[in-house]
Amino acid sequence: MSEIKILYCLLVLNLSRSEQEKILEIPNKFFSDEARSIFLRCKERIVNNELVDISVITEKDNKIAQKLMSIEAYGERLELYIKELKQDYLKRKLQLVTEAGTNEDMLNEINAVRDELLGETTTVKKMSLKNIVFEYYKNIENPPKDPIKTGWKKFDRLVQMQAEDLVIVAGRPGMGKTAFILSKALNIAKTGGKGIFFSLEMSERQIINRIMSQMSRVRLDLLKDRNTYSQLPDEAYGYLNIASAKLSELDDKLSFITGNFTVNKILEICKVEKEKNGLDYIIIDYMQLLGSSVKGSRYEQITDISISLKKLAKELGIVVIALAQLSRDVEKRADRRPQQSDLRDSGQIEQDASIIIGLYRDAYYNENTEDQELLEVNVLKNRDGELGTIHFNFIGKIQEVTER
């Protein structure tokens with residue numbers, strides 16, 4: 001009955017956005033088969049910012065419709081209904097335990113239910129030293145998916161971004177984080193990788209202007225409004241037309257979504273995209289702006305976000321690239337190049353990330369520096385590779401980053 005009450009809240013009551021976010025966190029498997037399809041339709045509407053109401057119900061949902069008409073539910077009891085739903089699910093799992101055919105089957109089911117109760121969903125695999133040799137050659141015969149390529153040769157040699165990796169790109173304001181990550185995303189699109197760019201900081205207009213500036217090489221400040229656009233030299237219109245044609249060729253390789261997100265909402269969007277069109281990676285600009293369901297200190301919230309992003313990468317088998325702000329303590333040092341310990345708000349990020357990249361532009365701090373375009377890309381952590389620094393060009397007029 002708890003699942004019917006949750007559906008009633010969704011379809012009949014005018015739930016707030018935060019209440020809808022709580023419902024997005026409910027695993028699909030908690031629902032019975034007949035209710036799950038309705039729940040999935042509701043989640044899809046929430047993700048797409050569409051109205052969720054009784055129109056979700058179809059003729060095939062007659063049994064559920066009758067149950068909805070015979071009960072009452074209240075929005076203020078939503079959390080209670082969700083707890084009851086989990087209990088109902090665990091009861092069904094325990095019923096399976098009693099029906100298991102052998103002692104080994106029963107043990108496996110009991111362990112599975114225990115993991116559900118503890119919130120542990122990662123499969124545990126026991127492997128002896130003897131099996132390691134077999135598994136090694138098995139992996140050689142069936143190698144993992146190729147790392148994502150950026151087209152930056154030095155970068156790709158040093159940094160291997162594999163499926164399930166959490167990659168952090170960190171820097172202080174003014175270091176070129178967004179320019180770096182947007183250039184990176186466009187390059188990945190050119191090599192065939194499919195991704196989604198979640199922007200919590202920039203508007204659609206800002207993203208569009210930056211992309212057109214990069215692709216056409218027309219100065220960004222000339223593309224911001226009608227007045228500056230009308231004053232462009234004739235050849236600039238030709239460059240913009242060429243850029244439009246190039247972007248059309250990339251088609252659906254890269255999508256942009258702007259707004260406010262929680263990790264759970266991003267997860268639901270990515271599940272739909274991966275199933276329909278395939279998905280290799282996502283970019284989040286930037287992680288400290290993500291919402292958290294944890295009601296605690298900022299440290300606890302960022303810790304929860306970091307762990308959740310790592311779980312998302314593993315669950316979907318994709319690369320998650322997240323921008324992150326560095327602590328103000330960087331400004332107090334003589335050498336302002338980033339360090340792992342500078343990551344703001346939580347040490348958990350250092351543990352969860354497979355790769356941490358720190359950006360540094362000396363020209364931001366020293367206007368007399370000899371190399372005004374130099375952007376240092378410092379690989380501070382690389383779980384499966386070496387550390388090092390790669391030099392890039394930061395071209396501020398068009399907000400583009402290119403490898404030297």
Hey, what do you get for [atom1] ([X]) to [atom2] ([Y]), rounding to the nearest 0.5 Å?
X	Y	atom1	atom2	value
Tyr281	Cys270	OH	SG	11.5 Å
Phe30	Leu85	CZ	CG	6.5 Å
Gln66	Ile71	CD	CD1	13.5 Å
Ile357	Lys177	CD1	NZ	13.5 Å
Leu166	Gln351	CG	CD	12.0 Å
Glu204	Ile257	CD	CD1	10.0 Å

Could you tell me which non-hydrogen atom of [X] sits nearest to which non-hydrogen atom of [Y], and how far apart they are?
X	Y	answer
Ala35	Leu7	CB-CD1, 4.0 Å
Phe394	Leu375	CB-CB, 4.1 Å
Ala73	Cys9	CB-SG, 4.1 Å
Cys42	Leu11	SG-CD2, 3.7 Å
Gln325	Gly171	OE1-O, 3.4 Å
Leu10	Phe39	CD1-CD1, 4.3 Å

Below 4.0 angstrom, N of the basic side chain to O of the carboxylate: do [X] and [Y] qualify?
X	Y	answer
Glu403	Lys154	no
Arg41	Asp61	yes
Glu376	Arg361	no
Glu34	Lys63	no
Lys314	Asp352	no
Lys271	Glu44	no
Arg333	Asp335	no
Arg210	Glu400	no
Asp53	Arg45	yes

inquiry  = Ring-plane angle category for Trp152 and Phe180, please: parallel below 30°, perpendicular beyond 60°, tilted otherwise.
reply    = tilted
ask   = According to the interplanar angle, ranging from 0 to 90°, do the rings of Phe155 and Phe392 count as parallel (below 30°), tilted (30 to 60°) or perpendicular (above 60°)?
value = perpendicular
Under 3.5 Å, is there a donor-acceptor pair between the side chain of [X] and the main chain of [Y]?
X	Y	value
Thr369	Gln372	no
Arg36	Phe31	yes
Lys194	Leu254	no
Arg336	Val330	no
Asp165	Gln162	yes
Gln160	Asp156	yes
Ser213	Asn209	no
Glu273	Ile196	no
Thr191	Lys149	yes
Arg172	Pro338	no

Tell me yes or no: between the side chains of [X] and [Y], is some donor less than 3.5 Å from an acceptor?
X	Y	value
Tyr74	Glu72	yes
Lys265	Asn260	no
Thr178	Asp285	yes
Tyr365	Glu331	yes
Ser327	Asp342	no
Gln214	Ser183	yes

Any side-chain heavy-atom pair of [X] and [Y] under 4.5 Å:
X	Y	value
Leu316	Leu267	yes
Val272	Val47	no
Val218	Ile398	no
Ser244	Met212	yes
Gln206	Ser203	yes
Asp384	Ser354	no
Lys332	Asp329	yes
Ile266	Thr262	no

key: Partner set under side-chain contact (heavy atoms from CB on, under 4.5 Å) for Gln340, not counting sequence neighbours   = Glu350, Ile356, Leu380, Lys381
inquiry  = I'd like to know whether Tyr237 forms a ring pair (Phe, Tyr, Trp, His ring centres under 6.0 Å) with Tyr229, so could you lay out the CA-CA distance, the side-chain angles of the two residues, the decisive distance to 0.1 Å, and finally the verdict.
reply    = CA-CA 9 Å; Tyr237 296 109; Tyr229 181 80; 5.3 Å; yes
query = So is Arg217 actually on top of Tyr239's ring, under 6.0 Å and inside 45° of the axis?
reply = no
Counting neighbours of [atom1] on [X] that are heavy atoms of other residues, nucleotides or ligands and sit closer than 6.0 Å, is the number greater than 12?
X	atom1	answer
Phe256	CZ	yes
Glu386	CD	no
Asn14	CG	no

query = Are Asp225 and Thr228 close enough, and set up right, to give a side chain to side chain donor-acceptor pair (under 3.5 Å), and what steps lead you there?
reply = CA-CA 6 Å; Asp225 56 49; Thr228 55; 3.2 Å; yes
request  = Using the side chain to side chain donor-acceptor pair (under 3.5 Å) rule, take Tyr360 and Asp362 through it: C-alpha gap first, then chi angles, then the decisive distance, then the call.
outcome  = CA-CA 6 Å; Tyr360 175 75; Asp362 191 61; 2.7 Å; yes
request  = Could you go through the side chain to side chain contact (heavy atoms under 4.5 Å, CB included) check for Phe197 and Ile181 one step at a time?
outcome  = CA-CA 9 Å; Phe197 191 117; Ile181 208 68; 3.7 Å; yes
Counterpart residues, salt bridge (charged side-chain N to carboxylate O under 4.0 Å, His left out), relative to Asp371 (two or more places apart) = Arg404
message = Please identify which of these residues, Val377, Leu387, Val379, meets the side-chain contact (heavy atoms from CB on, under 4.5 Å) condition with Leu158.
response = Val379
